[in-house]
Protein chains: 4
Amino acid sequence: MILINERSPSPIYEQIIQQIKELILKGILQEGEKLPSVRELSGMIVVNPNTVSKAYQELERQGIIETLRGKGTFVAKQQVPRMETERLDKFQESLKQIVIEASYLGISTQQVQEWVEKYMLELRGDSNA
Amino acid sequence: MILINERSPSPIYEQIIQQIKELILKGILQEGEKLPSVRELSGMIVVNPNTVSKAYQELERQGIIETLRGKGTFVAKQQVPRMETERLDKFQESLKQIVIEASYLGISTQQVQEWVEKYMLELRGDSNA
Amino acid sequence: MILINERSPSPIYEQIIQQIKELILKGILQEGEKLPSVRELSGMIVVNPNTVSKAYQELERQGIIETLRGKGTFVAKQQVPRMETERLDKFQESLKQIVIEASYLGISTQQVQEWVEKYMLELRGDSNA
Amino acid sequence: MILINERSPSPIYEQIIQQIKELILKGILQEGEKLPSVRELSGMIVVNPNTVSKAYQELERQGIIETLRGKGTFVAKQQVPRMETERLDKFQESLKQIVIEASYLGISTQQVQEWVEKYMLELRGDSNA
DNA sequence: GTGGTCTAGACCACT
DNA sequence: GTGGTCTAGACCACT
């Protein structure tokens, strides 16, 4: 379900966050569904429980999951996205860097746009079709 | 010419790399043109010389600039981009993360694609038009 | 009568304690009145019986309710408050933290004082008026 | 400068957060001033560096301090307080609980209000007078 | 030197 | 069983 790449430059807890977000967007994890416990997941992906805990806490801060004390961690009711200016700025900055990198790789505008479409469809495919 | 944001999550040396790449793509820095020396640049942007040095070394490793001993650092002859598999993989991974973030921000596929086009045009505008 | 918020940062048993205290102060629960049994209340608010039991034990420890074996749990004769130093210290510490938080929220001294008065009146309104 | 109470029910990292907020409000820590490094502070208050780090990260998330990579942690430019509804709700809830506790301790409305004033003055006294 | 991440493992409160 | 906190200590990137 979740795959950790130890060689990735992005920290393990970030990889967990990203992949759980992806699973939720794809509908593989549904609203209200229970996530594996910190210990379970840490066992499954062979990672220290603290690392999983950090990922869960960050996801909770973002309002994507919620923990009920003594019961476990659950997928939260997904909010309607609000365009927070600060987060949007960061997004655009990242996109700009991506475009620069694409230029250096000789990837065309069209190719990037196709990939954007492809990934968007992957996210929406399973559950919302 | 180069603006450093001390508070940015991306490290200073990365910011230097990104901005020099951008200046070259935009044609503001031309092939063969001399870059400021490590000391000059570090003075201009008020940054530790080690940090500038690290950026230059990375840019040289990527073949984007070259150092001629005793003469200085110059914009290299820009190679025809080769698609290195590893770098391409990383690129696609980043693009995927961007798309996930866009989903959480409620940004449409079309909107992302428009921004991609806009940034691409910005890169090509000045010199290649 | 009692409303539990599963997502609240304060534990469920604490919420029960606080709300029973509030009901007693407001006179909705009168001295000598019978409280619902642990099972009844746990059924009513859909909570584990252990959790209700824990709340009742703590309320009993504080002398606010009392259990008569085989008869049930009752609102105790309310004692004249004694200023226990330890509890008073904790109270003042909490109040200090509240004031710091008010500062960060930009709430004025007057506003906080007005709210204190308002809540005090709410407690005394129903029964002692 | 910072005193940890190991017996306090509130976690150590929270105590650090609260006390740093207090020091900033009192002007003992000024805008732009460098905080002790994670290791220094952890040594001073005899606590694990991870615990200090957690406190600093939370303070940064709240925009109260900021870390400059490789340089250290500094008191941020203090923002004008904005009344976020959610945070305000929590504040009022806490204040209500405080008032209930005051009732049980037999503390009068006037007494609570005086203490509020006293603590507010303490925060503003040293630097802003 | 600076903070950030991670492991290993203990202990605790809550349900 | 559940997540939260904490210690002890290592390693790493950045300046």
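Side-chain atoms are counted along with the backbone in the values below, which use heavy atoms only and exclude waters and symmetry mates. Each chain gets a letter, A, B and so on, in the order its sequence line appears, and its residues count up from 1.
- Base pairing analysis places F:dC12 opposite E:dG3; the two distances defining the Watson-Crick or G-U wobble pair are each below 3.5 Å.
- One can place CG of B:Asn5 at 16 Å from P of F:dC14, the figure rounded to the nearest angstrom.
- Contact annotation: D:Ser53 does not reach the phosphate of E:dT5 (side-chain N/O to OP1 or OP2, under 4.0 Å).
- Atom CG of A:Leu68 sits about 11.5 Å away from atom OG of C:Ser8, to the nearest 0.5 Å.
- Donor-acceptor pairing under 3.5 Å, judged by distance alone, is present between the side chain of D:Arg39 and the base of E:dG3.
- Put simply, D:Ser37 has a side-chain N or O that comes within less than 4.0 Å of OP1 or OP2 on E:dT2.
- We find that CZ of D:Arg7 is positioned 16 Å from C1' of F:dC6, with the value rounded to whole Å.
- One interatomic measurement links the two molecules: CZ of D:Arg69 to P of E:dT5, which rounds to 10 Å at whole-angstrom precision.
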Start with the C-alpha gap between A:Glu22 and A:Gln18, add the side-chain angles, then the distance that decides, and say whether side chain to side chain donor-acceptor pair (under 3.5 Å) holds. CA-CA 6 Å; A:Glu22 196 174 339; A:Gln18 290 297 346; over 6 Å; no

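- Each of A:Val38 and B:Thr51 lies near DNA chain F, and the nucleotide nearest A:Val38 is the one positioned closer to the 5' end.
- In the set E:dG4, F:dT2, E:dC6, F:dT2 carries the atom at the smallest distance from any side-chain atom of A:Glu40.
- A donor N or O paired with an acceptor N or O is not found under 3.5 Å between the base of E:dG9 and the side-chain atoms of A:Asn48.
- B:Glu60 and B:Thr67 share a side-chain donor-acceptor pair at under 3.5 Å.
- In this structure, CG of D:Asn50 is placed 11 Å from C1' of F:dA10, rounded to the nearest angstrom.
- Following rounding to the nearest Å, D:Glu66 (CD) and F:dC14 (P) show an atom-to-atom distance of 20 Å.
- Heavy-atom nearest nucleotides on DNA chain F were determined for D:Glu14 and for B:Ser10, and the one closer to the 5' end corresponds to D:Glu14.
- In this model, the phosphate group of F:dT15 is not approached by any side-chain N or O of B:Tyr13 to a distance below 4.0 Å at OP1 or OP2.
- Position along DNA chain E of the nearest nucleotide to D:Pro36 versus A:Glu6 favours D:Pro36 as the more 5'-ward residue.
- Taking a 6.0 Å sphere around CZ of B:Arg39, one finds it holds 12 or fewer heavy atoms contributed by other residues, nucleotides or ligands.
- Contact annotation for D:Leu68: no contact, since no heavy-atom pair falls under 4.0 Å across all strands.
- In this entry the distance linking CG of A:Leu35 with P of F:dG1 reads 19 Å, nearest Å.
- Within a 6.0 Å sphere centred on CZ of A:Arg61, heavy atoms belonging to other residues, nucleotides or ligands number more than 12.
- Between A:Glu93 and A:Gln97, the side chains place a donor N or O and an acceptor N or O closer than 3.5 Å (distance only, hydrogens not considered).
- Distances shorter than 4.0 Å separate some side-chain N or O of C:Lys54 from OP1 or OP2 on E:dC14.
- The distance between atom NZ of A:Lys34 and atom P of E:dT15, rounded to the nearest whole Å, is 16 Å.
- Distances shorter than 4.0 Å separate some side-chain N or O of A:Gln57 from OP1 or OP2 on F:dG4.
- Residue A:Tyr56 contributes atom OH, which lies 18 Å from atom C1' of F:dT5 at whole-angstrom precision.
- A close approach under 4.0 Å does not occur between any side-chain nitrogen or oxygen of A:Lys71 and OP1 or OP2 of F:dG3.
- Taking every side-chain heavy atom of A:Ile12 into account, E:dC6 is the closest of F:dT2, F:dT15, E:dC6.
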